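Note that the structure is a prediction, hence the values are computed from the model and not measured. When a residue number appears, it is its place in the shown sequence, counting from 1.
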Amino acid sequence: MDMKRFHCFFRLAGLIFFIPLLASCVVFNHYFPDKRLSYQEYEAETGLSMPEGVETDRIVDKMPVPEISPALKGVPLPEEVSRPDSLNVGLMNMGVQKRSAGDIQWLFIDRSASEVWSVLVSWFDVTPKQIQYANPRNGTIESKAFTMGVGGAHQRIRVSLQPGMQRNTSRLSLLVTENMKEWPDRSSDSVQESELLDELSIYLGKKLEKNKSVSLLAQELQRQLDVKLISENVDEPYILINQDFNQSWYMLGLAVRKAGMPLFDINRSLGLYYLSTDHPEASRYTFTRKIKSHAAFSKLKKHGDFMIYIVEMDDGSEVTVKIGEDKKADREFSIFVLQSLLENLNRISEGK
């Protein structure tokens, strides 16, 4: 027998021997399984012995998880959770975009205010609303009283057009009221305000695409965002922003975050940002590290907790630093904080 046949015979014999052996192992394990690894069924062989002085009583949970009320079990959970962003951006209609922050909404327009003015005036000509007052120098239009729908209440609207934060852009806000004598701070009907902004967004977008003219009467609206620090010959240093409260508040919030300030709370209704360099987590903020390396830190550090306060004036919005209710901060400290804000407000106005 040659070697080739011998190897074939040897392999065949091995298969004949191992196949029955393998089958017998499977059958044996099936009827006689090894239970040493069945830890889930393992039973302790000896009782649990407790050290001296330790009781076996069950620990009473000091903060038990309450049972869910049967009345709440039937309440469906929301399918989606709205994003907590401070700024919500809508669709762009030929360079006009609806934006909102909280309950404030406005239009961002990718054209200068002097270009938008004449188109905005023409919108009143094609709607039932008639203009009662228009001032192209400050960008304000107020309508006469009108009614929305059959049997609707008498209402008025005021449209405010201002230069945007970036060059050759503008910002349009709208106020709806049923008061025939005074203008409130907020619209009496936020839903209608939103619908009118949507209508304006579509109208302005289509018209501005065709219209390239500039209103000479609205030339003053060409002025860009102006931010300056006033510290000479005043009792309290402040930053003056030539915008209304809503836009100034939004810009200031961005500047506070860009400056790396230790912000821990805000109150928009009071126009306050609450900050602290004494907070346990304040050391991770850039501003805290800067102020601690300041030459006059020994004098400044007494203002661990402070507030940035913003209020709207006739010529814009003023930003000051306070350490309590109507209590001014140290002058040197105020200037240090305001200069940090000013640097970042200028970056925002340049679109950076």
Verify side chain to side chain contact (heavy atoms under 4.5 Å, CB included) between Tyr309 and Val319, making sure each step is shown before the conclusion.
-> CA-CA 6 Å; Tyr309 179 64; Val319 179; over 6 Å; no

Verdict with reasoning, Lys322 to Glu236, per side chain to side chain contact (heavy atoms under 4.5 Å, CB included) = CA-CA 10 Å; Lys322 298 187 180 297; Glu236 186 177 17; 3.3 Å; yes

Could you please spell out the steps behind the ring pair (Phe, Tyr, Trp, His ring centres under 6.0 Å) verdict for Phe333 and Phe306?
-> CA-CA 10 Å; Phe333 178 81; Phe306 62 99; 5.0 Å; yes

Apply side chain to side chain contact (heavy atoms under 4.5 Å, CB included) to the pair Ile141 and Leu120, showing each step before the final yes or no.
-> CA-CA 9 Å; Ile141 299 179; Leu120 177 60; 3.9 Å; yes

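Proximity of Lys144 to Lys129: side-chain heavy atoms (C-beta onward) are nowhere separated by under 4.5 Å. Side-chain contact between Ile230 and Ile239: absent, with no pair of heavy atoms (C-beta onward) separated by less than 4.5 Å. In this structure, the side chains of Arg268 and Trp249 come closer than 4.5 Å at one or more pairs of heavy atoms. Using a 4.5 Å cut-off on side-chain heavy atoms (C-beta onward), Phe287 and Leu275 make no contact. Residues Ile308 and Met261 have side chains in contact (heavy-atom distance under 4.5 Å, counting atoms from C-beta outward). In this structure, the side chains of Asp198 and Gln105 stay at 4.5 Å or more apart for every pair of heavy atoms.
Judged purely by atom type and a 3.5 angstrom limit, Arg331 uses its side chain to pair as donor or acceptor with the backbone of Ser231. Under the 3.5 Å distance criterion, the side-chain polar atoms of Thr177 are matched with a main-chain donor or acceptor of Asn179. For Arg111 (side chain) and Leu208 (main-chain N/O), a donor-acceptor pair under 3.5 Å exists by modelled atom type. Side-chain atoms of Tyr273 come within 3.5 Å of backbone atoms of Gly253 as a donor-acceptor pair (strictly under, hydrogens ignored). Panel note: side chain Thr127, backbone Trp123; a donor-acceptor pair is recorded below 3.5 Å. A donor-acceptor pair is defined here as one N or O able to donate and one able to accept, closer than 3.5 Å; such a pair exists between the side chain of Ser122 and the backbone of Val119. A donor-acceptor pair under 3.5 Å is absent between the side-chain atoms of Ser143 and the main chain of Gln130, judged by distance alone. Counting only distance, with no hydrogens or angles, the side chain of Ser334 and the backbone of Asp330 share a donor-acceptor pair below 3.5 Å. Ser248 places no side-chain N or O within donor-acceptor distance of the main-chain N or O of Ser317, the cut-off being under 3.5 Å. Ser340 places a side-chain N or O within donor-acceptor distance of the main-chain N or O of Phe336, the cut-off being under 3.5 Å.
No hydrogens or angles considered: a donor-acceptor pair under 3.5 Å links the side chains of Ser276 and Asp305. For the residue pair Glu193/Ser190, the side-chain donor-acceptor check at 3.5 Å is not satisfied. The closest side-chain donor-acceptor pair between Asn267 and Ser269 falls under 3.5 angstrom.
Note on Leu240 and Ile335: separate hydrophobic clusters, where clusters join Ile, Leu, Val, Met, Phe, Trp and Tyr whose side-chain heavy atoms are under 4.5 Å apart, directly or indirectly.
Phe245 CZ to Glu318 CD: the interatomic distance, rounded to the nearest 0.5 Å, is 13.0 Å. Considering CD1 of Ile241 and CG of Leu252, their distance stands at 6.0 Å, rounded to 0.5 Å.
Among all heavy-atom pairs drawn from Ser187 and Leu174, the shortest one is OG-O, 3.7 Å. Residues Thr288 and Pro262 share a closest heavy-atom pair of OG1-CG, 3.6 Å.
Ring geometry for Tyr285 against Phe264 counts as perpendicular: the plane angle is over 60°, on a 0 to 90° scale with 30° as the lower cut.
Annotation: cation-pi pair Arg171/Trp106 present, NZ/CZ under 6.0 Å from the ring centroid and within 45° of its normal.
Using a cutoff of 4.0 Å between basic side-chain nitrogens and carboxylate oxygens, Glu178 and Arg156 are not scored as salt-bridged.
Residue Val159 is tested with Ile131, Leu172, Leu175 for a side-chain contact (heavy atoms from CB on, under 4.5 Å); the sole match is Leu172.
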